[in-house]
Amino acid sequence: MSEIERREDRTPGRRGPWAYSSAPEGREIVRLQDRYDLFVGGRFIEPKSGRYFETINPATEETLAQVAEAGEEDVDLAVRAAREAWEERWRDLPGKERAKYLYRIARALQERSREFAVLETMNNGKPIKESRDVDVPLAAAHFFYYAGWADKIEYAFPGRTPRPLGVAAQITPWNFPLLMCAWKLAPALATGNTAVLKPASTTPLTAFLLAEVIEQAELPPGVVNVIPGPGGRTGEWLARHPDVAKIAFTGSTEIGKILRRSVAGTGKRLTLELGGKAANIVFEDAPLDQAIEGIVNGIFFNQGEVCCAGSRLFVQESVFEVVLDKLKARLDTLRVGDPLDKNTDVGAINSRDQLEKITELVQSGIEEGAEIYQPDCPLPERGFWFRPTLFTNVSQSHRIAREEIFGPVLSILTFRTPEEAVEKANNTPYGLSAGIWTEKGSRILWMAERMKAGVVWANTFNRFDPSSPFGGYKESGFGREGGRHGLEPYLDLDGSGR
Ligand code: NAP
């Protein structure tokens with residue numbers, strides 16, 4: 001029996017550091033519908049495809065609702081609605097008017113924040129304290145931030161004549177369902193584009209709640225449309241539609257490559273936010289207790305299902321033992337379980353498929369000779385769970401050190417000199433983010449200049465702000481979301497049309 005199977009055989013029961021009383025967030029605030037229809041042209045409508053698919057709670061495996069699947073005709077309807085809204089209303093609306101709508105959406109997100117947080121947690125599996133304190137407030141912050149830009153677009157690009165592009169196809173992943181909608185919709189709407197949004201199939205529910213908010217905010221019909229459906233069909237039809245001017249995609253590198261090929265030669269604009277294998281680098285002079293918190297947050301936040309997760313830890317050899325001891329002790333205190341419990345640190349994995357992917361990669365780590373450490377914490381009987389996991393004795397050639405796991409799994413490696421740290425950290429096809437832990441300011445600058453990563457955090461990790469651009473190098477994608485840079489992909493800046 002493998003190490004993993006043996007550990008998962010243990011009977012759950014609260015004891016030791018896991019003996020705490022639960023503080024469940026009530027789910028009554030969420031009024032689940034049995035069925036969610038497409039949001040097209042400002043109305044919720046049954047899909048022409050006639051098809052619905054089930055969406056579940058990954059922490060309990062219970063069915064939450066049936067969700068409309070957009071077929072090819074539905075995609076066409078949605079894109080046409082978005083095009084009409086753009087031509088007849090949205091592109092000529094003064095920026096200050098567009099700003100009002102964005103403010104209304106932001107305010108409604110704040111007013112209904114608890115409802116959004118509970119629904120997000122139920123559909124995604126993430127701890128309520130994260131959806132409550134991170135996902136929903138950041139989503140609102142994005143709408144506020146881009147509302148501020150809506151009437152100042154020309155000032156952002158002096159000497160140029162920025163024009164909106166038209167219909168933006170926006171395809172989002174399941175790890176931050178609402179937040180990724182906000183990252184995409186807020187800059188698109190602020191710059192005068194309209195949108196057709198295809199949320200990930202396992203987590204469509206907060207996109208529908210957002211559609212409800214958009215309806216309440218009285219956005220002109222068709223400015224935002226929400227059409228779920230399987231990526232390989234709905235997503236592809238949407239991306240290929242001739243009336244789509246711009247595609248904004250967040251998801252896997254594999255699908256990003258497919259999209260890049262499919263838009264080649266069409267003149268459509270494309271931005272890709274893809275996978276990552278971030279390095280968190282700890283020097284011997286780092287504030288170690290602070291670093292431990294940053295490392296834990298870096299890899300266990302959102303169960304490690306984060307594109308910029310700090311999944312490779314590089315520790316300077318002289319402090320390796322002390323860091324490892326502290327990390328193990330900290331892991332033993334993490335509370336894994338009911339995502340609606342306000343005390344929970346690590347929630348459910350989003351789907352059975354994702355759990356299988358994590359399990360397979362962790363098994364490969366054991367087979368390739370790495371040493372595994374997992375706390376003994378109890379796990380719920382139903383749902384998709386994976387214990388926080390550390391690997392030592394990891395070689396750079398191991399799959400766990402090279403491939404994106406997208407789960408709560410940290411590979412620990414060592415280095416001796418800053419040069420070696422840079423060389424090892426950059427030895428990956430990805431380049432989304434990195435973290436550096438040291439008291440020396442000059443070293444932070446020296447390292448940051450050499451790291452091939454879109455974001456470099458110093459003495460912190462996983463910090464986001466709507467005013468900061470985010471995006472990748474290499475196979476982590478191209479284009480930036482957030483900040484003034486996030487306006488650019490939605491604008492024709494040189495009069496070249498598309
Ligand atoms: P995914 O499988 O690539 O799916 C992302 C989205 O694309 C989903 O809506 C999916 O629909 C859709 N899709 C799938 N195949 C498609 C196709 N052929 N054409 C058009 N759309 C298609 O990724 P995921 O598993 O949802 O998300 C995890 C990945 O996202 C990770 O690699 C992670 O690193 C990356 N990510 C990156 C960022 C970033 O900012 N760089 C942020 C978050 C996540 P279905 O749901 O129906 O498959």
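One is the number of the first residue; the rest follow in order along the sequence. Numbering of ligands and ligand atoms starts at 1, following listing order.
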Visitor: Using heavy atoms and a cut-off under 4.0 Å, could you grab the residues that are in contact with ligand 1, chain by chain, numbers ascending?
Guide: I171, T172, P173, W174, N175, K198, P199, A200, S201, G229, P230, G231, G232, G235, E236, F249, T250, G251, S252, I255, E273, L274, G275, C307, E404, F406, L432, F470
Visitor: Verify whether the ring centers belonging to F144 and W149 lie closer than 6.0 Å.
Guide: no
Visitor: Mind jotting down which residue pairs meet the salt bridge (charged side-chain N to carboxylate O under 4.0 Å, His left out) criterion with at least one end in residues 471-480? Sequence neighbours excluded, please.
Guide: K257-E475
Visitor: For K424, which residues count as a salt bridge (charged side-chain N to carboxylate O under 4.0 Å, His left out) partner, sequence neighbours excluded?
Guide: E420
Visitor: May I have all residue pairs that pass salt bridge (charged side-chain N to carboxylate O under 4.0 Å, His left out) and include part of residues 223-237, sequence neighbours excluded?
Guide: E69-R233, E236-R240
Visitor: How about F314 and F415: are their ring centres within less than 6.0 Å of each other?
Guide: no
Visitor: Do W183 and F470 make the cut of ring centroids closer than 6.0 angstrom?
Guide: yes
